[in-house]
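The structure appears below as structure tokens.
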Amino acid sequence: AALKILKPQKSVNLIRAEYDLLARAADAGVAPPIVSTWNIDARHRCFAMQALDRTFLQLIRAQNGRLSAKQQKQILHLFDHLGKNVGLFHNDGNVARNIMIDDST
């Protein structure tokens, strides 16, 4: 499992909202499922999700900064699907570390 630990200054309500968005993305098939069973509260400011193989940044580095046409289309499809089916528009500048890759797909 991959543990998502959020910053101490982030409110519990915002952490719950992030959890809910990730759960919706997982239900839509574009994010790994959440595997943690605890409630998010002031003591538990994290959640666990199924771990994938590597980050987008690791993939890019392994491919010398290049993406295949198929990979580019997969990324566009991912963002399109997140917007249309989940209502999520990614605006995180840390996107290269937040997108995880499943090498089997």
Side-chain angles (χ1 to χ4, degrees):
L3 188 62
K4 172 96 177 181
I5 300 172
L6 294 119
K7 295 178 182 177
Q9 63 269 27
K10 192 166 193 171
S11 76
V12 171
N13 286 339
L14 286 176
I15 295 170
R16 285 184 187 132
E18 185 168 338
Y19 175 97
D20 290 342
L21 280 173
L22 182 60
R24 287 180 22 217
D27 289 345
V30 292
I34 295 174
V35 297
S36 53
T37 57
W38 57 83
N39 290 323
I40 297 187
D41 57 30
R43 274 190 46 222
H44 302 99
R45 304 175 58 79
C46 60
F47 52 89
M49 62 195 101
Q50 179 184 329
L52 297 180
D53 298 309
R54 55 188 164 161
T55 66
F56 182 58
L57 182 60
Q58 290 168 324
L59 172 75
I60 290 173
R61 286 181 176 157
Q63 296 179 180
N64 297 316
R66 298 174 190 252
L67 294 173
S68 69
K70 179 182 176 185
Q71 289 169 323
Q72 292 173 40
K73 287 178 185 177
Q74 286 176 314
I75 292 167
L76 291 174
H77 173 75
L78 168 72
F79 283 111
D80 184 56
H81 198 72
L82 282 169
K84 288 180 180 173
N85 299 314
V86 181
L88 176 64
F89 301 93
H90 207 291
N91 68 350
D92 187 342
N94 203 16
V95 69
R97 288 184 176 89
N98 285 338
I99 292 179
M100 296 296 296
I101 306 297
D102 180 351
D103 287 332
S104 67
T105 60

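- Hydrophobic clustering of Ile, Leu, Val, Met, Phe, Trp and Tyr side chains at less than 4.5 Å, counting indirect connections, unites Ile5 with Trp38.
- A donor-acceptor pair under 3.5 Å is absent between the side-chain atoms of Arg45 and the main chain of Ile15, judged by distance alone.
- Cluster annotation: Val86 is not connected to Leu14 through the hydrophobic network of ILVMFWY side chains, with a link wherever side-chain heavy atoms come within less than 4.5 Å.
- Every residue two or more places apart in sequence or in another chain that forms a side chain to side chain contact (heavy atoms under 4.5 Å, CB included) with Ile60 is listed here: Phe56, Leu67.
- Note that the CD1 atom of Ile99 and the CD1 atom of Ile75 stand 6.0 Å from one another [nearest 0.5 Å].
- The line from CG of Asp53 to CG of Leu59 is 10.5 Å long, rounded to the nearest 0.5 Å.
- Lys4 is listed as a side-chain neighbour of Glu18, based on a closest heavy-atom distance under 4.5 Å.
- Summarising the geometry of Pro33 relative to Ala26, their closest heavy-atom pair is CA-CB, 3.9 Å, with the distance given to 0.1 Å.
- Within the 4.5 Å cutoff, the side chain of Lys73 has no heavy atoms near those of the His77 side chain.
- Applying the 6.0 Å contact sphere to CZ of Arg16 captures more than 12 heavy atoms from other residues, nucleotides or ligands.
- When side chains are defined from C-beta on, Leu6 counts as touching Phe47, because their heavy atoms get closer than 4.5 Å.
- Checked by atom type, the side-chain pair Ser11/Asn13 shows no donor-acceptor distance below 3.5 Å.
- Note that CD1 of Ile34 is 11.5 Å distant from CD of Gln50, once rounded to the nearest 0.5 Å.
- Under the 4.5 Å side-chain criterion, counting only non-hydrogen atoms from C-beta, Met100 is not in contact with Met49.
- Within the 4.5 Å cutoff, side-chain heavy atoms of Val12 are placed close to those of Ile40.
- Taking 4.5 Å as the limit, every side-chain heavy atom of Asn39 sits out of range of all side-chain heavy atoms of His44.
- Counting only heavy atoms from C-beta outward, the side chains of Val30 and Leu82 approach each other to under 4.5 Å.
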Check: Are Arg66 and Gln71 close enough, and set up right, to give a side-chain contact (heavy atoms from CB on, under 4.5 Å), and what steps lead you there?
Finding: CA-CA 10 Å; Arg66 298 174 190 252; Gln71 289 169 323; over 6 Å; no
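- Atom-to-atom distance recorded for Gln74:CD and Ile101:CD1 is 8.0 Å, nearest 0.5 angstrom.
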